Every structure is written in structure tokens, then in C-alpha cells.
K.L.:
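Please read through the structure below; I'll follow up with questions.
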Amino acid sequence: MRERKAEPTYDLDQDWTEEIRKNLLHWYDQNKRDLPWRESRDPYRVWVSEIMLQQTRVDTVIPYYQRFMENFPTLIDLAEADEDEVLKYWEGLGYYSRARNLHAAVKKVATVYGGKVPEDLETISQLKGVGTYTAGAVLSIAYNQPEPAVDGNVMRVFSRWFAMKDDVAKPATRRKMEAYALQVMCRERPGDFNQGLMELGALICHPLSPVCDSCPVNSLCQARQQGIQHELPVKKKAKPPVPYNVIFGYIKQDGHVLVQRRPQGGLLAGMWSLPTVEEQKKGNDALIPDLSKNLAEAGFHVEWGRVLGETDHIFSHRRWKITILEGEALSVSQPLPEEYTWVTEGSWDSLAFPKAYHKALRIADSRFGSRFQGSLF
DNA sequence: TATACGTGGGG
DNA sequence: TCCCCAAGTAT
């Protein structure tokens, strides 16, 4: 067992605790949604769903989860897959490190743990991409262990139940919430209790307009009693995205387009792209020599042509103002550097591209009138 | 501890 | 258009 750090304990009123468990579980039994990952308690299936659901809406995840499970029905299937295939099934979901970490972790489980997802907190927490929340979620849902699984929903619910004004953006606040969660936890039904908390946050205890009239525990909620449910949770505002000028090179030769795998770390790590340069201050024109230089260092000499179009793409932390520039490869590196490859124009769905590049490829396709038909998008 | 890391939906 | 948000983790 992992040693929990010495967190303060909160001696909650016993009657309050029992009533909240009873009301929450009863409400969950009556109102829980039919979701694909609730059809079994297979630890692998629970695990995949929890990774996909990180910072991602349920409605967005459902089709991805179904496609993923049809193609990788068991942990061994996923462990034996190529990383490019895994990324292809993650294409468009975002936070792509989740997919690479999950794949690496599943391979470790297959080889080191005999294909069985670890059942103890210490071991499962060492797997890539499995943090405090995911460890608690898998252990409670799949293995019925009384571990807290405190996500954004649970923090919102708790901040209201206990009228807490701690900033939920701070890691220390979540640790405090986990201490509360351990106190309130239903030891008989840990998985349902954790899911009930999250379901309440998702269906009733909304961020902006909580439906307190429909809440099964409204009489037990301190924020409601004080009429401050709309003021909670307290959360520090995020910084706005930083604008960047970006150029995508759409470089052709003999009906093929040059594409490049992005580096293994950082933004869109490991995904395919068009050759790209980005800069905060330079204008787009000033960026062209940088792109030429990058390509020359890889052995490509390019003559630039028309601007094919422009588009914007907003990440959580930066905003790309993209110019798509047509180019013709005059001379080509032999052999082709590892991170580059040629794709037949229009056949983009053989590789996994993030959304920003899908936008650009769609613009280029509309220019050239090719009949691009992506299989997923 | 604060920041990087995607994307899409809704008010 | 803008802002907030959504089942977090790694560093």
C-alpha cells in the first residue's frame, strides 16, 4: 500500500455521511447513464475509458472508445499493435501523449505483469499516464477498492457540499479533496460511489447553473444552504492563448506531398504534420527563410509558390495563425530522413494528423479539387 | 508549484 | 468573438 502523506482528517458528522452515501447511491442507481465503458468491469476497458476521459467530454469520447475497443478488444491486442496504428485511433482526440503513454503502459503490463492490470496502488501508479485520479478510478471501479477518484466533477461537488473556497486549480486543493473523499467513501460500493459523485457533477451539479431542485443531496449541501452555489468552485482564470505566426509547407513532387513526423516531446508529439515553422514575433514572410533552412538541413531544396490559404487553430495555451504555402521540391534528400515521408496527394488517412493539419489539408484539397475522403473525419 | 499539453461544445 | 469548461498527467 502506498503511504498517504499526513493530510489532515476531517471528522464529518456520521449521520450526514451515512445519508449522503445512501442518497447518492440511490440516485446513481436510478439515473446513471448507459455508457459503453459501463458494460463490463474489465480493468483494461475501464483503464482505456479513464485515459480517454481525461479533460475530454463524454460525448466526444464515446465514438473513439467504441472504435478503439473494436480494434483493440483486449490488452494483448493493444500491446501488440504498432504505435502509429494506436495514434491513428486517437487522431482528433487531443492530448496525444495519453495514447503513447497508454500504449507503453499496456506493453509493460503485458510483458512484466503477465497481462493483468495491477491491483495495488503502488504498482498501478507507476504506469505511464496513470496519475492519482486514474489509479483511484481503475482500482475502485474494476477492483472494488475504496480509493478516492477526485476529478473536476468531484472537486466541484465537494467545494459546494463543504462550501470550500480553496482554488481548485491548485494541486494542494485536490489533496485536500482526496482526504474528504476517503472520509465520505462508501466502503461497500467504492466504484459506484466514485462514479456517483462524478455523475452528480456531470448531470446535476453543473459548473455554471447547478440544478439544485433535482439534486438528491440538496438538503445536505452547505453552499445551497448559504445560497452561494453559483460562487463555487473558486478557480483561478487560465491565461489566454499566446498568438504565434505559423507556416505550413505543402510541398509537392510527382503527385506526392512531403509530410514530417513531429518530435517525440512537446506539442503534438509523435503526430504527422506538414513541415512547419512557428514564431511569436516574426511576420509570416520573415518565417519563410526559416522553413527553407530547416528543409535544406534535411536535404530538401524547395521553390515556394502560392499561398494556398490561411486558417487559425487554437490550442489551450497557444493560438496558431497559419499560412499554407505551396512548394515544389527541386531536389530531394537521398535517402529520405527518418522523420519524413511522401504521401499520395489526398490519401491522408494512412497517417495520423492532428486537427490543425487536417484543416490545412482540407484547404489544399479544395484548392486542387482532389477527392479527399478521410475515413474518420 | 506552475505550466505544457488538444479539442470541441455551449452560453 | 470570447470565455469557460471536460472523468488529469508529467515535469
Side-chain angles (χ1 to χ4, degrees), chain A residues 32-33 35-38 46-65 87 90-102 104-105 124-138 140-141 148-157 167-175 177-178 181 191 194-203 205-210 230 233-242 244 262-271 273 312-320 352-359 376-377:
Chain A
K32 70 177 175 185
R33 291 168 289 181
L35 298 171
W37 44 89
R38 288 184 175 156
V46 172
W47 180 11
V48 170
S49 74
E50 293 300 342
I51 300 297
M52 285 190 172
L53 286 162
Q54 289 169 6
Q55 300 292 287
T56 310
R57 290 185 144 71
V58 166
D59 288 345
T60 301
V61 167
I62 289 173
Y64 280 90
Y65 178 81
L87 285 175
W90 211 273
E91 183 182 46
L93 240 198
Y95 285 146
Y96 299 101
S97 293
R98 291 183 295 176
R100 297 184 301 127
N101 287 338
L102 172 64
I124 200 172
S125 298
Q126 287 170 6
L127 296 170
K128 283 186 183 177
V130 178
T132 313
Y133 163 77
T134 304
V138 173
S140 64
I141 296 169
V150 175
D151 71 338
N153 288 122
V154 177
M155 289 208 282
R156 186 170 60 256
V157 167
D167 181 354
V168 296
K170 292 185 182 301
T173 302
R174 196 175 72 163
R175 290 194 290 275
M177 300 279 188
E178 283 163 357
N194 282 339
Q195 291 186 87
L197 281 174
M198 293 187 269
E199 198 80 338
L200 187 73
L203 300 182
C205 200
H206 298 302
L208 298 180
S209 49
H230 297 281
V234 173
K235 190 176 191 176
K236 189 184 63 184
K237 285 191 201 309
K239 292 174 185 169
V242 179
Y244 283 75
R262 292 183 59 91
Q264 280 305 117
L267 186 65
L268 307 174
M271 300 294 284
S273 72
D312 277 29
H313 188 77
I314 303 173
F315 303 101
S316 48
H317 56 304
R318 60 180 78 177
R319 169 195 295 266
W320 274 2
F353 292 97
K355 289 287 184 183
Y357 296 96
H358 271 282
K359 285 186 194 172
L376 293 175
F377 303 97

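Numbers restart at 1 for each chain; the letters A, B, ... are given by sequence-line order, proteins then strands. The figures here come from the full heavy-atom set of this structure, side chains too, leaving out hydrogens, waters and symmetry mates. Keep in mind the model is a prediction, meaning the values are calculated, not measured.
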K.L.:
Could you check how far CD1 of I314(A) sits from C1' of dT7(B), rounded to whole Å?
P.N.:
11 Å
K.L.:
Measure the distance from CE on M177(A) to P on dG8(C) and round it to the nearest whole Å.
P.N.:
14 Å
K.L.:
Whether K235(A) contacts dC4(C) is assessed here as follows: a side-chain N or O lying under 4.0 Å from the phosphate OP1 or OP2. Is that the case?
P.N.:
no
K.L.:
Hey, does the side chain of R156(A) come within less than 4.0 Å of dA6(C)'s phosphate (OP1/OP2), counting only N and O?
P.N.:
yes
K.L.:
Once you round it to whole Å, what is the distance between P of dG6(B) and NE2 of H358(A)?
P.N.:
15 Å
K.L.:
Has R318(A) got a side-chain N or O lying under 4.0 Å from the OP1 or OP2 atom of dG6(B)?
P.N.:
no
K.L.:
Does OP1 or OP2 of dG9(B) have a side-chain N or O of T60(A) closer than 4.0 Å?
P.N.:
no
K.L.:
From the list dT1(B), dC5(B), dT9(C), which nucleotide is the closest neighbour of the side chain of S316(A)?
P.N.:
dC5(B)
K.L.:
Do the side-chain N or O atoms of H317(A) get closer than 4.0 angstrom to the phosphate oxygens (OP1, OP2) of dC5(B)?
P.N.:
yes
K.L.:
Quick one: Y244(A) OH to dC5(B) P, roughly how many Å, whole number?
P.N.:
8 Å
K.L.:
Describe the nucleic acid contact of L208(A) in one word from base, sugar-phosphate, nothing, applying a heavy-atom distance below 4.0 Å.
P.N.:
nothing
K.L.:
Do Y96(A) and R262(A) pair up side chain to side chain, a donor and an acceptor below 3.5 Å, judged on atom types alone?
P.N.:
no
K.L.:
Which is true for I141(A) with a 4.0 Å heavy-atom rule: it touches a base, it touches only sugar-phosphate, or it touches nothing?
P.N.:
nothing
K.L.:
So what does W37(A) hit on the nucleic acid, given a heavy-atom distance under 4.0 Å: a base, only sugar-phosphate, or nothing?
P.N.:
base
K.L.:
Considering just the side-chain nitrogens and oxygens of K170(A), establish if one lies under 4.0 Å of OP1 or OP2 belonging to dT1(B).
P.N.:
no
K.L.:
If the P atom of dG6(B) is compared with that of dC3(C), how far apart are they to the nearest Å?
P.N.:
22 Å
K.L.:
Which nucleotide, dA6(C), dG6(B), dC4(C), lies nearest any side-chain atom of Y96(A)?
P.N.:
dG6(B)
K.L.:
Considering non-hydrogen atoms only, spot the tightest contact between V130(A) and A135(A) and give its length.
P.N.:
CG1-N, 3.7 Å
K.L.:
Report yes or no: is there a donor-acceptor pair, N or O only, under 3.5 Å between the side chain of Y95(A) and the base of dG6(B)?
P.N.:
yes
K.L.:
Could you state the CG-P distance from L53(A) to dG8(B), rounded to the nearest angstrom?
P.N.:
16 Å
K.L.:
Could you report the tightest heavy-atom contact between G201(A) and R156(A), atom names first, then the distance?
P.N.:
O-NH2, 2.8 Å
K.L.:
dA10(C), OP1 or OP2 - any side-chain N/O from K128(A) closer than 4.0 Å?
P.N.:
no
K.L.:
Report the distance from atom CD of Q55(A) to atom P of dG9(B), rounded to the nearest whole Å.
P.N.:
17 Å
K.L.:
Separation of W320(A) atom CH2 from dT7(B) atom P, in whole Å?
P.N.:
9 Å
K.L.:
Spell out yes or no: do the side chain of S209(A) and the base of dG11(B) have one donor N/O and one acceptor N/O closer than 3.5 Å?
P.N.:
no
K.L.:
Where the side chain of T134(A) is concerned, which of dT1(B), dT7(B), dG8(C) is the nearest nucleotide?
P.N.:
dG8(C)
K.L.:
Does a donor on one side chain and an acceptor on the other come within less than 3.5 Å for Y133(A) and E50(A)?
P.N.:
yes
K.L.:
Contact class for R33(A) vs. all strands (heavy atom < 4.0 Å): base, sugar-phosphate, or nothing?
P.N.:
base
K.L.:
In terms of side-chain heavy atoms of R57(A), which of dA6(C), dT7(B), dC5(B) is nearest?
P.N.:
dA6(C)
K.L.:
I'd like to check M198(A) versus V154(A) (side-chain heavy atoms, cut-off strictly below 4.5 Å). Are they in contact?
P.N.:
yes
K.L.:
So, OP1 or OP2 of dT1(B): does either fall under 4.0 Å of a side-chain N or O from R175(A)?
P.N.:
yes
K.L.:
Between dA6(C) and dC5(B), how far is it from one P atom to the other, in whole Å?
P.N.:
23 Å
K.L.:
Could you work out which one of dT9(C), dG8(B), dC2(C) sits closest to the side chain of R174(A)?
P.N.:
dT9(C)
K.L.:
Below the 4.0 Å mark, does dT7(B) have OP1 or OP2 next to a side-chain nitrogen or oxygen of H313(A)?
P.N.:
yes
K.L.:
So which atom in V46(A) and which in V138(A) form the shortest heavy-atom distance, rounded to 0.1 Å?
P.N.:
CG1-CA, 4.1 Å
K.L.:
Need to verify one output field. Residue with the more 5' nearest nucleotide on DNA chain B, K236(A) or S97(A)?
P.N.:
K236(A)
